[in-house]
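These notes are about the structure you will find just below.
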Amino acid sequence: MFKKFTVSAIGLSVLSALSTAAHAERVIIQVDNPNKGVVKALAKQLGGEIKVDGKNFIAADFAGKDVSEIRGLLNNPHVKLVEVDQKRKLFAAYNDDAGNPQTQQITPYAVYQSQADQVAFDASAGMKVCVIDSGLDISNNDFNWADITGDNDSGTGNWFDAGGAHGTHVAGTVGAADNNFGVVGMAPGVPMHIIKVFNADGWGYSSDLAHATDLCAQAGANIINMSLGGGGTSTAESNAFENFVANGGLVVAAAGNDGNAVRSYPAGYTSVMMIGANDADNNIADFSQFPSCETGRGKNVRTDETICVEVTAGGVDTLSTYPAGTAAASTVSLDGSGYASSGMENFGSASGATYFMGTAEAVDAGADGKVCLIDRGNISFFDKAKNCEDSGGVGAIIINNEPGMLFGTLGETNTTTIPVVGTALEDRAAILAAANADVDIFATDYGYMSGTSMATPAVAGLAALVWSNYPECSGEDIRAAFKATAEDSGAAGNDVYFGYGIVKAKAAYDYLAASACGDTGGPGGGDISLSANGYKSRGLQVVDLNWQGTSAANVDVYRDNSVVFSGADSGAYTDNIGVKGGGSYTYKVCEQGTSTCSSEVNVVF
């Protein structure tokens, strides 16, 4: 079993970085490229340190100044906008293991759950996935390295050196090779472009993501994966994703791992497909965030399915690649019979007679020279292991006190040296009955993580897989196909936890086979006729919409690409805009959950 890692170190690093940077504001300065030199010179003159030189923007640190002060100092006709450069951090929660990918190829459960094994990847279609993360470590051999390129962000080092395990794990879920060892990705061997915007501390800026998006486009990527996020919006960041999608691409991002209704960005932008996580039993992951689909206030509240979870994929206990030798596997043998385990800490082997220490709350001389058998509870795992070692114990097996495998670590301040593993409550009777035990914890190239970070690359890989068979489609066509064919889970219909449900590759493949990408409105589009009549009532703008040709029970009505109505198909809708004066609006009607839409109709007041 693989070592159970947590991301507490990442969380602490973020907090530390925030506290030390409290007096230095980093901002994005939007400017037309021809005038960038003037603005850069001005920013430097005012004490700014240029961090990113992007397309139509720069990002800079200003020590001792807040954003309002910086805006005042940069009062220049060439400066279009000054905004906070929002922090973005990695999303990952847990990792555990089952199996031995060092000697055989393991297929992660999410491959079967998502039907990826039922669709063949067409390598000739030219699909490429851009992974914006912490790098892909070149030490892992489970990739088609000839088809992988990359870029570095300033200060992060080589894209092919790991800035922590996260990026390598994510890339493996997207496209680990089908090569008879290790793991297999959703789109095995898909070409990838890696952009390293994070290091081991696990955070960066929204300007880094905006610049990385341009680099993804320059590298010819069709799909961008971002298993990351944070609070606050950025116009520069949002614009970059909108441009990528407008040019036919697909962008997916993690919903977040705090198990609450907070909207994280970049997943919360309308151009980005927000991905939640489910487990192997089709249950929503308890950490998967579930922001509301409602936007606006008061009478202007409306539903917009593009700002909440749209679909989910497997993201609990996801097996994937690690930088070589940095994950850990464990074996436990009791009286010659093997039992499942999870390595908690300390590489090495231990063999000996067993000794039951209860909950190991004190030193016990009876454990001298023996393998300690310990029940979970009352004190920390570290204290249990320390008491075992101080008693002369040579190894420790800690038994869970609730159903399932015990995953954990001994904490950042671990000082023990004996191998310590976790085991399942279901095996407790057999463990306590054993006279002798052998425990081994050893290095491996594969490990498990949990998080919406793991579900997101699953969807990115699935998109490349399905899209490779229909290269005439756009990213929005693929996005719509996934929502139209997802397996409904949780509450009936679209809900905030699952969105439309769990992605099913074969179902989406069949849906696109029966449709036609490239028509007006996407797959199956062009058959819905829409008319619009604009007028004023008591001085306020009103638009009557009427349509024919829909076949779904429910429709979405869009005004300027935002949903203003989502519900039963009556063939008509009145949009009470409630605005005085002039204006121009664009409308379309789509069959709900698909990209079967009418042509756009303009209304001018």
Validation row: [X], [Y] side chains within 4.5 angstrom (heavy atoms):
{"X": "Phe356", "Y": "Ile374", "answer": "no"}
{"X": "Ser351", "Y": "Val371", "answer": "no"}
{"X": "Trp159", "Y": "Ile148", "answer": "yes"}
{"X": "Lys384", "Y": "Glu389", "answer": "no"}
{"X": "Phe347", "Y": "Asp440", "answer": "no"}
{"X": "Val183", "Y": "Thr107", "answer": "no"}
{"X": "Thr409", "Y": "Met344", "answer": "no"}
{"X": "Gln113", "Y": "Asn282", "answer": "yes"}

For the pair [X] (side chain) and [Y] (backbone), establish whether a donor and an acceptor sit closer than 3.5 Å, ignoring hydrogens and angles.
{"X": "Gln289", "Y": "Asp258", "answer": "yes"}
{"X": "Asp335", "Y": "Asn436", "answer": "yes"}
{"X": "Lys196", "Y": "Asp161", "answer": "yes"}
{"X": "Asp208", "Y": "Tyr205", "answer": "yes"}
{"X": "Thr168", "Y": "Asp137", "answer": "yes"}
{"X": "Ser264", "Y": "Gly229", "answer": "no"}
{"X": "Asn260", "Y": "Val262", "answer": "yes"}
{"X": "Asp279", "Y": "Asn283", "answer": "yes"}
{"X": "Lys128", "Y": "Ala219", "answer": "yes"}
{"X": "Ser288", "Y": "Ala285", "answer": "no"}

Using 0.5 Å steps for rounding, measure from the [atom1] atom of [X] to the [atom2] atom of [Y].
{"X": "Ile194", "Y": "Asn158", "atom1": "CD1", "atom2": "CG", "result": "13.5 Å"}
{"X": "Ser320", "Y": "Asp142", "atom1": "OG", "atom2": "CG", "result": "8.5 Å"}
{"X": "Ile223", "Y": "His193", "atom1": "CD1", "atom2": "NE2", "result": "14.5 Å"}
{"X": "Tyr500", "Y": "Asp495", "atom1": "OH", "atom2": "CG", "result": "11.0 Å"}
{"X": "Leu462", "Y": "Thr173", "atom1": "CG", "atom2": "OG1", "result": "10.5 Å"}
{"X": "Leu410", "Y": "Ser380", "atom1": "CG", "atom2": "OG", "result": "8.0 Å"}

- Who are the side chain to side chain donor-acceptor pair (under 3.5 Å) partners of Asn140, not counting sequence neighbours?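 With neighbours one apart ignored, the set is empty.
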
Enumerate donor-acceptor pairs with a distance under 3.5 Å from any side-chain N or O in residues 391-402 to protein atoms, sequence neighbours excluded.
| unit_1 | atom_1 | unit_2 | atom_2 | d |
| --- | --- | --- | --- | --- |
| Ser391 | OG | Asp364 | N | 2.7 |
| Ser391 | OG | Asp364 | O | 3.2 |
| Ser391 | OG | Asn387 | O | 2.6 |
| Asn400 | OD1 | Arg376 | NH1 | 2.7 |
| Asn400 | ND2 | Glu402 | O | 3.2 |
| Asn400 | ND2 | Gly404 | O | 3.0 |
| Asn400 | ND2 | Met405 | O | 3.3 |

Minimum heavy-atom distance between [X] and [Y], given as atom pair plus value:
{"X": "Gly164", "Y": "Ser134", "result": "O-OG, 3.8 Å"}
{"X": "Pro291", "Y": "Met274", "result": "CG-SD, 3.6 Å"}
{"X": "Gly451", "Y": "Ala277", "result": "O-CB, 4.1 Å"}
{"X": "Gln115", "Y": "Ala507", "result": "OE1-N, 3.0 Å"}
{"X": "Ser330", "Y": "Ile441", "result": "CB-CG1, 4.0 Å"}
{"X": "Asp317", "Y": "Ser450", "result": "N-OG, 2.6 Å"}

Regarding [X] and [Y], is there a side-chain donor-to-acceptor distance under 3.5 Å anywhere?
{"X": "Ser227", "Y": "Asn225", "result": "yes"}
{"X": "Asn346", "Y": "Asn414", "result": "yes"}
{"X": "Asn257", "Y": "Thr452", "result": "yes"}

Note to self: Tell me whether the count of non-hydrogen atoms from other residues, nucleotides or ligands lying under 6.0 Å of OH in Tyr509 goes above 12.
What the structure shows: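 At most 12 heavy atoms, drawn from other residues, nucleotides or ligands, come within 6.0 Å of this atom.
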
**OP:** Check the surroundings of atom OH in Tyr497: do more than 12 heavy atoms from other residues, nucleotides or ligands lie under 6.0 Å from it?
**Re:**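 No.
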
- Task: Determine, step by step, whether Asn278 and Val316 satisfy the side chain to side chain contact (heavy atoms under 4.5 Å, CB included) criterion, reporting the C-alpha distance in whole Å, the side-chain angles of both residues, the deciding distance to 0.1 Å, and the verdict.
- Result: CA-CA 7 Å; Asn278 56 260; Val316 179; over 6 Å; no

Report the residues that fulfil ring pair (Phe, Tyr, Trp, His ring centres under 6.0 Å) with Phe181, sequence neighbours left out, ordered by chain and then residue number.
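Scan of Phe181 (ring pair (Phe, Tyr, Trp, His ring centres under 6.0 Å), adjacent residues dropped) gives none.
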
NZ/NE/NH1/NH2 to OD/OE distance under 4.0 Å, Arg428 and Asp375: yes

For this session: Classify the angle between the aromatic ring planes of Tyr322 and His169 as parallel (below 30°), tilted (30 to 60°) or perpendicular (above 60°).
Result: perpendicular

* To do: Evaluate side chain to side chain contact (heavy atoms under 4.5 Å, CB included) for Ile431 paired with Thr423, printing each intermediate quantity in order.
  => CA-CA 9 Å; Ile431 293 171; Thr423 54; 3.4 Å; yes

Fill in: Chi angles and distances behind the side chain to side chain contact (heavy atoms under 4.5 Å, CB included) call for Thr456, Met226
CA-CA 7 Å; Thr456 304; Met226 293 179 292; over 6 Å; no

Start with the C-alpha distance between Asn180 and Gln105, add both sets of side-chain angles, then the distance that settles side chain to side chain donor-acceptor pair (under 3.5 Å), and finish with yes or no.
CA-CA 5 Å; Asn180 297 319; Gln105 182 162 281; 5.5 Å; no

| Steps toward side chain to side chain contact (heavy atoms under 4.5 Å, CB included) verdict (Val420, Ile418) | CA-CA 6 Å; Val420 182; Ile418 60 174; 4.1 Å; yes

